[in-house]
2 protein chains.
Amino acid sequence: MTVSRVLRNRGDVSEATRERVLQTAKQLGYVPNKIAGALASSRVNLVAVIIPSMSNMVFPEVMTGITQVLEETQLQPVVGITGYMPEKEEKVLFEMLSWRPSGVIIAGIEHTDASRAMLRASGIPVVEIMDTDGTPVDSMVGISHRRAGQRMAEAILKGGYRNIGFLGTQMALDHRARKRFEGFTERLAKGGVEILDKEFYSGGSALVKGREMTQAILAREPDLDFLYYSNDMIGAGGLMYLLEAGYDIPGQIGLAGFNGVNLLKGLPKELATMDACRLETGRRAAQIIASRVEGTQTDPVSETMEPRITYGDTLRRP
Amino acid sequence: MTVSRVLRNRGDVSEATRERVLQTAKQLGYVPNKIAGALASSRVNLVAVIIPSMSNMVFPEVMTGITQVLEETQLQPVVGITGYMPEKEEKVLFEMLSWRPSGVIIAGIEHTDASRAMLRASGIPVVEIMDTDGTPVDSMVGISHRRAGQRMAEAILKGGYRNIGFLGTQMALDHRARKRFEGFTERLAKGGVEILDKEFYSGGSALVKGREMTQAILAREPDLDFLYYSNDMIGAGGLMYLLEAGYDIPGQIGLAGFNGVNLLKGLPKELATMDACRLETGRRAAQIIASRVEGTQTDPVSETMEPRITYGDTLRRP
DNA sequence: CATCGATATGTTATCGCAAACACCATGCGT
DNA sequence: ACGCATGGTGTTTGCGATAACATATCGATG
């Protein structure tokens, strides 16, 4: 018990014994067993973070935000990957919850009924991130992708473009991309404009795919004067292609991506894009969990951030 | 006990009771407490993965390999980030080990004495990855960065380049980059060539930095006919700059990076680079842990992979 | 000097599960 | 008919820590 007290800095222990304990622990290479500790105290300093993927730059950035904030607390993030598959998400969630974490940060607000039930039943703070078009189980932080699509549509219309093409990923399960697309077409429709053509891809190097898709869509529809890409990588590929092909950008044809990958700076021309507030979303989500855990705050939070548009060199300003 | 048997598929249970248990568990929303389970069985299906960073594309790819393999087992990766700081690594490692994972995969073979002691004392399989220039605690998988530097130096010399510049990150603690640099200069020296100039950076968008550094180094040394970049991102930035400035590549000046980021395809010219076998390293490391856990194999493994050079369009072939 | 409070240390029960073993019923071979 | 393996279920114990409570020590205080 005294050892336990020393190692946790709890309760009164004389300086002498404290020293002795620390000394001996070090000498023995003693590593406390958190499993036993957690069982006894029913306190687990883990936060489950459930995201679809780790390989496309956007989630790592959210992670960075989460890590930044949690680092100042006792909490530690544990990541689970779903691969955009709802059943996998359910499995990962179950697995995570069975470790009784102190909180859950999960991407998106579309989940299976079972997942939602588990989250609700867990009794721990839950923050759904990166999409606020819907009703959260508990708290929610991020941008509205529908609105992001709308705002980009507005900017494009204001720029005077009318023959618009859309290029995206072939992911039925990427709800955020879908909502962006929906918001985009809705807003265009309000302006009396309809998408001229669209092109989807899956897999492969996004940069290469961007080139190929751009070539393909322009072959079909040479009149296009704007291309809206569902992410910056394919946008960058398209930009590369168009520059090489000698197009005048943004006069003859305009381009925009989505995400604000800071990799874009440094390209021959800077691609227009829209910031998804990823770092900030991660930070905020972690803050919410942290303040819930320490009891500072108890109510659910819903926070919609406003994505900023960057015109770069590929979208005519109004 | 019967419930426990049903949920773990262990031992004989009649079909009738099994059904009843499953049914009831679902109805109650029962989530087994892994903490208690782990304590009782002293089995934890977690593998600690300790890496310096998540934000530069290379570690996520290793993670992908690890995940791929572990997915076919009961094991689950848990990630810890060190930020290239040895003391942070020590802290993270301690934290992880206190959860008594089934194995550890850790980047690099340079660790504090305390870290090494902990790894040894833990009694679990340990795989040190991505660097094989040194002695591992237990197993080790990856490439020799010293050798990678040497091989690139050879290729450059064979290409006929003699006025060589080096551009890299200012990371005293990135041992792999350092070893690559050392191997590079050693091999050049053997060919009677010495680096003409070098340039280091830290922070910021790698693409932009690559442009700036390239401009700077060429302003100082206009005679340079080859630039070796310590990663592909700054290399791509440099490539961009040189193309815009109208250099003849790879005739007038050659370029090479390191890492084989598949993003490079799709650039106006494909940057020469060297594959670090990241995916394969991750897969192999996970396999080693898995086979150790299931007892298939008990001996330490040391495996050095051979990085493949890609000439692309920026390095003259011999 | 008895009492009290504070500091310092020890004892016991408990967390939720699985290992180990005990037990009973059934069916099979000899 | 008997022993024995097997399937199906229950009981007890222990994992390694912490919570809660108990005890010891000491000095100050009235």
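The chains referred to below are lettered A, B, ... by the order of the sequence lines, with proteins before strands, and numbering in each begins at 1.
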A.B. asks: Quick one: is B:Ser14 getting a side-chain N or O under 4.0 Å of the D:dT9 phosphate, OP1 or OP2?
C.D. replies: yes
A.B. asks: Test for a donor-acceptor pair under 3.5 Å between the base of D:dG16 and the side chain of B:Arg100, counting only N and O atoms.
C.D. replies: no
A.B. asks: Is the phosphate of C:dC15, meaning OP1 or OP2, less than 4.0 Å from a side-chain N or O of A:Ser41?
C.D. replies: no
A.B. asks: Return the minimal non-hydrogen interatomic distance between B:Pro125 and B:Arg292, and the atom names on each side.
C.D. replies: CB-NH1, 3.5 Å
A.B. asks: Is any side-chain nitrogen or oxygen of B:Arg8 closer than 4.0 Å to OP1 or OP2 of C:dA18?
C.D. replies: yes
A.B. asks: Can you give me the closest heavy-atom contact between B:Pro101 and B:Leu46, atom names plus distance?
C.D. replies: CB-O, 3.3 Å
A.B. asks: Counting only side-chain heavy atoms from C-beta out, which of D:dT9, C:dA19, D:dC15 sits nearest to B:Arg43?
C.D. replies: C:dA19
A.B. asks: Can a side chain N or O of B:Ser4 be found less than 4.0 Å away from OP1 or OP2 on C:dC17?
C.D. replies: no
A.B. asks: From C-beta outward on A:Asn33, which listed nucleotide comes closest to its side chain: C:dT9, C:dC15, D:dA17?
C.D. replies: D:dA17
A.B. asks: Is there a donor-acceptor pair closer than 3.5 Å between any side-chain N or O of A:Glu128 and the backbone N or O of A:Val137?
C.D. replies: yes
A.B. asks: How many whole angstroms separate atom CZ of B:Arg5 from atom P of D:dG7?
C.D. replies: 13 Å
A.B. asks: Picking from C:dG10, D:dT11, D:dT9, which would you name as closest to the side chain of B:Met1?
C.D. replies: D:dT11
A.B. asks: To the nearest Å, how far apart are A:Ile35 CD1 and C:dA18 P?
C.D. replies: 13 Å
A.B. asks: Round to the nearest Å and state the distance from B:Glu15 atom CD to D:dT9 atom P.
C.D. replies: 11 Å
A.B. asks: Can you tell me how far P of C:dT9 sits from CZ of A:Arg10, to the nearest Å?
C.D. replies: 18 Å
A.B. asks: Report the nucleotide, chosen from D:dT9, C:dA8, D:dG16, that has the shortest atom-to-atom distance to any side-chain atom of B:Thr17.
C.D. replies: D:dT9
A.B. asks: Check B:Leu93 against B:Ser115 and note the closest heavy-atom contact, atom names and distance.
C.D. replies: CD2-O, 3.6 Å
A.B. asks: Taking only the side-chain heavy atoms of A:Thr2 (C-beta and beyond), determine which of D:dC15, C:dT9, D:dG10 contains the nearest atom.
C.D. replies: C:dT9
A.B. asks: Between atom CG in A:Leu39 and atom P in D:dA17, what is the gap in whole Å?
C.D. replies: 12 Å
A.B. asks: How long is the line joining CG of B:Asp12 and P of D:dG7, in whole Å?
C.D. replies: 5 Å
A.B. asks: Figure out the CG/P separation between A:Asn45 and D:dT18, and round it to whole Å.
C.D. replies: 12 Å
A.B. asks: Distance check: side-chain N/O of A:Tyr30 vs OP1/OP2 of D:dG16, anything under 4.0 Å?
C.D. replies: no
A.B. asks: Ignoring hydrogens, what is the shortest heavy-atom contact between B:Leu7 and B:Tyr30? Give both atom names and the distance.
C.D. replies: CD1-CE2, 3.4 Å
A.B. asks: Rounded to whole Å, how long is the line connecting atom NZ of B:Lys34 with atom C1' of D:dG16?
C.D. replies: 20 Å
A.B. asks: Please report the closest heavy-atom contact between B:Val92 and B:Ile81, naming both atoms and the distance.
C.D. replies: CG2-O, 3.6 Å
A.B. asks: Nearest to the side chain of B:Ala40, which nucleotide is it out of C:dC21, C:dA18, D:dG16?
C.D. replies: C:dA18
A.B. asks: Can you tell which of D:dA17, C:dA19, C:dC17 lies closest to the side chain of B:Pro32?
C.D. replies: C:dC17
